[in-house]
2 protein chains.
Amino acid sequence: MTDSRPEHSPIDHFSVVDDCLQIGDRSLTDLAARVGQTPFYAYDRALMTRRVEHLRASLPDGIALHYAIKANPMPAVVRHMAGLVDGLDVASSREMQVALDSGTAPGDISFAGPGKSVAELEAAVAAGITINVESPTELERLGAIAERTGRLPQVAVRVNPDFELKSSGMRMSGGPKAFGVDAERVPELLARIGELGLHFRGFHIFSGSQNLRPETLIEAQSRTFELALRLADAAPGPVEMLNIGGGFGIPYFPGEKPLELGPIGEHLARELPAVRERLPRAEIILELGRYLVGEAGIYVAEVLDRKESRGQVFLVTNGGLHHHLAASGNFGQVIRKNYPVAVGNRVQGTEREVVNVVGPLCTPLDVLAQQMEMARADVGDLIVVFQSGAYGFTASPTRFLSHPEPVEVLV
Amino acid sequence: MTDSRPEHSPIDHFSVVDDCLQIGDRSLTDLAARVGQTPFYAYDRALMTRRVEHLRASLPDGIALHYAIKANPMPAVVRHMAGLVDGLDVASSREMQVALDSGTAPGDISFAGPGKSVAELEAAVAAGITINVESPTELERLGAIAERTGRLPQVAVRVNPDFELKSSGMRMSGGPKAFGVDAERVPELLARIGELGLHFRGFHIFSGSQNLRPETLIEAQSRTFELALRLADAAPGPVEMLNIGGGFGIPYFPGEKPLELGPIGEHLARELPAVRERLPRAEIILELGRYLVGEAGIYVAEVLDRKESRGQVFLVTNGGLHHHLAASGNFGQVIRKNYPVAVGNRVQGTEREVVNVVGPLCTPLDVLAQQMEMARADVGDLIVVFQSGAYGFTASPTRFLSHPEPVEVLV
């Protein structure tokens, strides 16, 4: 009988020495001692660098890369990424401050979000970053700020496309949406930008995220270019930037395979010349968050207890959903599935077993691994949740049950 | 044609004056001005007081009430509750400090949680609070602490029952579980408590939460008493406390009705004499969190934008899932349903419409109301999410996208 259950895509970007996971050229147990506490998140800067290099090698020249800070806003991570990519995308005032702190030029920072307050818009105008306008109200606010302050807002239009990105983790386009301006209403908005005398920078067209199918991403990119070229005819000035979004996924769950970049790069190379010809002054931007940092991070918790209950083993750790909501299956997942999880200081072990890894919270939602095979672990061992570099710490309810917070380190 | 779609249970515990919601004897708009920012959570102390009074009137004498701090650990709320109930239950060291700060006697505080660290256990022993032991490992740790420090641990046994509480929001008993010690193994643990010479206080038997069916709760209570009486025979000393858990739910979603207390009180009155006879020294404790504070709280956000997209209206607010994860449908819900939501400063309004209420985050998960009928609202109006006094602020990923935090006030 062959076991054909889907498996996790192998985690081969971290090495293992003497059966102990290595991160940033040191062993996990060493790192835990240096951090001085568990749980912690550790992000590997070399892996981020390698990821950006690999991406650039797969893409045609002339595609600019932006890092979407929301994936991981730790200032040290943002500074590291700022040195690798061509620009940063922010989603709040605080993220804007972190982006500016990194030394990135305001012209290479853009700000998107369906609900920007007047204070946020004022700060963004004062900083000189590009504001992705998402509604007529927002545009009028920017007009008023320009008049009141004498500063010239730099604006792009975020477009809610008239197509959908299929099979995405999160669909964010097509149909009625809170994000951006419906494609069919963009021409009015462009005319109004001209009337208000704001500086028009270009378009932001984002159709989804966490997609693992090259053919879907390719189709979305084609339709994005098509839409941008159509809209450019109504623009009040030359298109200086065209942010085509990202949507590149990473494999989290059993059966998921890493995204193949080859076909995407080839397709972009084929389409780019025509786009360049029509929009000669436009920087073509790919905006990625999770794809750049997600695989470079791990979450580490310590086993506090090993107990058996009615035939199952439970490893109770000091970490859980309060630190890593997504890994517990409670952030946008309909059916809970396991992230890749291992015993970091005993990766293969001498004995294997099927266990549940749970957190310290009084809720059955607090699960890090359900009936998963791993090395036999005991109190003091370190449980590692992989694929945790994006939407981990900041996407988690850290105050829930008032337990201590995890530390974050960049190694 | 009659519209038979399920509706939200009416929110009649807040009054409305001049079409504006009142909380703590003042209008919501006044309160917003006093708070000085949106979003905020507001908790009404009078409603908490009334809820406890109502509960006491429905229960037989001799049932002690405990407040489970995890539902809402705001120190001002805990202090208020401490004055109303007979004890507090905590789930972490930090919660223990808040409980002790409230002036509650250590003997009236108990600590549960499947993963307590050695440091937490030491602090709990030093404080003299009751520790609900959840595993043999934990018991041995307490034995070692007693020996090392000369302090006498006060221990109760948390039991994983051999029955299930059906139709609960969260089932926490029956089958293999991380919580407590399997009922069938409790006698061994009791013997060991005797050997270690720890102070035995009693049992904590918790079978689920957020239940709206009296018959289910009644059955669980019966079986809990039965189990406790059976286990008491093996106890190393008299049972001084029997915490029968809680599990009382509040109505969140369309079609849900408030829990009827009558049958529960009558049933407890019938069962109590026999339990008292067998366990004459036991305080019988009902431990409730959500039921005591959930309905007393609201979450308030301000409309930043009103936009239309392909035939639907979107009210974009400055609050969302980063402040109130449960209301966005991302905390333990399989299918997203709307919490009760209204325009607080215009409850009925002159015009009604069906809208989506969304937050400022760049994710389609950031939804507070989906296609819900409410008064027509515009920029500056206050959106209120009811039933938000429990598992709101602290159960939310406040750092997600680095937006400002909400304020909490007790009025």
Side-chain angles (χ1 to χ4, degrees), chain A residues 70 73 91-95 98 112-117 134-138 160 170-172 175-179 182 304-307 309-312 314 316-318 320 325 330-332 334 356 358-366 379 393-404, chain B residues 70 73 91-95 98 112-117 134-138 160 170-172 175-179 182 304-307 309-312 314 316-318 320 325 330-332 334 356 358-366 379 393-404:
Chain A
K70 59 175 173 284
S92 66
S93 271
R94 180 72 204 121
E95 284 191 6
V98 173
K116 303 184 198 80
S117 69
E134 312 224 5
S135 78
T137 312
E138 208 166 273
N160 175 18
M170 309 230 167
R171 255 174 295 161
M172 297 175 71
K177 289 277 149 33
F179 309 106
D182 294 349
L304 292 181
D305 204 344
R306 179 193 161 87
K307 60 195 279 192
S309 170
R310 300 186 180 129
Q312 292 190 13
F314 291 82
V316 186
T317 73
N318 58 358
L325 186 65
N330 289 291
F331 201 60
V334 177
N356 302 298
V358 302
L361 309 184
C362 283
T363 163
L365 302 176
D366 193 18
V379 171
F393 176 52
T394 61
S396 299
T398 50
R399 285 192 186 83
F400 192 49
L401 271 54
S402 311
H403 279 274
Chain B
K70 59 175 174 283
S92 66
S93 271
R94 180 71 205 121
E95 284 191 6
V98 173
K116 304 186 197 79
S117 69
E134 312 224 6
S135 79
T137 312
E138 207 165 274
N160 176 18
M170 309 232 166
R171 255 174 295 160
M172 298 176 71
K177 288 277 151 28
F179 309 104
D182 294 349
L304 292 180
D305 204 343
R306 177 193 163 86
K307 59 195 281 190
S309 170
R310 299 186 181 132
Q312 291 190 13
F314 291 84
V316 186
T317 73
N318 58 357
L325 186 65
N330 289 290
F331 202 59
V334 177
N356 303 298
V358 300
L361 309 184
C362 283
T363 163
L365 301 176
D366 192 18
V379 171
F393 177 53
T394 60
S396 299
T398 50
R399 286 191 184 84
F400 191 47
L401 272 54
S402 310
H403 279 273

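Chain identifiers are assigned alphabetically (A, B, ...) following the order of the sequence lines, protein sequences preceding nucleic acid strands; residue numbering begins at 1 within each chain.
The part of B:V358 that comes within reach of chain A is its side chain, from C-beta onward, which places non-hydrogen atoms under 4.5 angstrom from that chain. When heavy atoms are compared at a cutoff of 4.5 Å, A:F314 approaches chain B solely by way of its side chain, counted from C-beta outward. For a residue to count as touching a neighbouring chain, one of its non-hydrogen atoms must lie under 4.5 Å from one of that chain's; by this rule A:V379 touches chain B with the side chain only. Both the backbone and the side chain of B:N330 come within contact range of chain A, with heavy atoms under 4.5 Å apart. Heavy atoms closer than 4.5 Å to chain B are found in the side chain of A:L325, but not in its backbone. With a threshold of 4.5 angstrom between heavy atoms, A:S396 approaches chain B through N, CA, C or O but not through any side-chain atom.
For A:L401 against B:K70, the heavy-atom pair with the smallest separation is CD1-CB, 3.5 Å.
Residues forming a side-chain contact (heavy atoms from CB on, under 4.5 Å) with B:S402 (at least two apart in sequence, or on another chain): A:P73, A:S92, A:R94, A:E95. Residues passing the side-chain hydrogen bond (donor to acceptor under 3.5 Å, both in side chains) test with A:D182, sequence neighbours excluded: A:N160, B:S309.
Between chain B and the residues A:A395, A:G113, A:P114, the largest count of heavy-atom pairs under 4.5 Å involves A:P114. When each of A:A112, A:S135, A:G359 is checked for heavy-atom pairs under 4.5 Å with chain B, A:S135 comes out on top.
Counting heavy atoms from C-beta outward, A:V334 and B:V334 have side chains that approach closer than 4.5 Å. A:V316 has its side chain within reach of A:K307: a pair of non-hydrogen atoms, C-beta onward, lies under 4.5 Å apart. In this structure the side chain of B:H403 never reaches within 4.5 angstrom of the side chain of B:N318, judged on heavy atoms.
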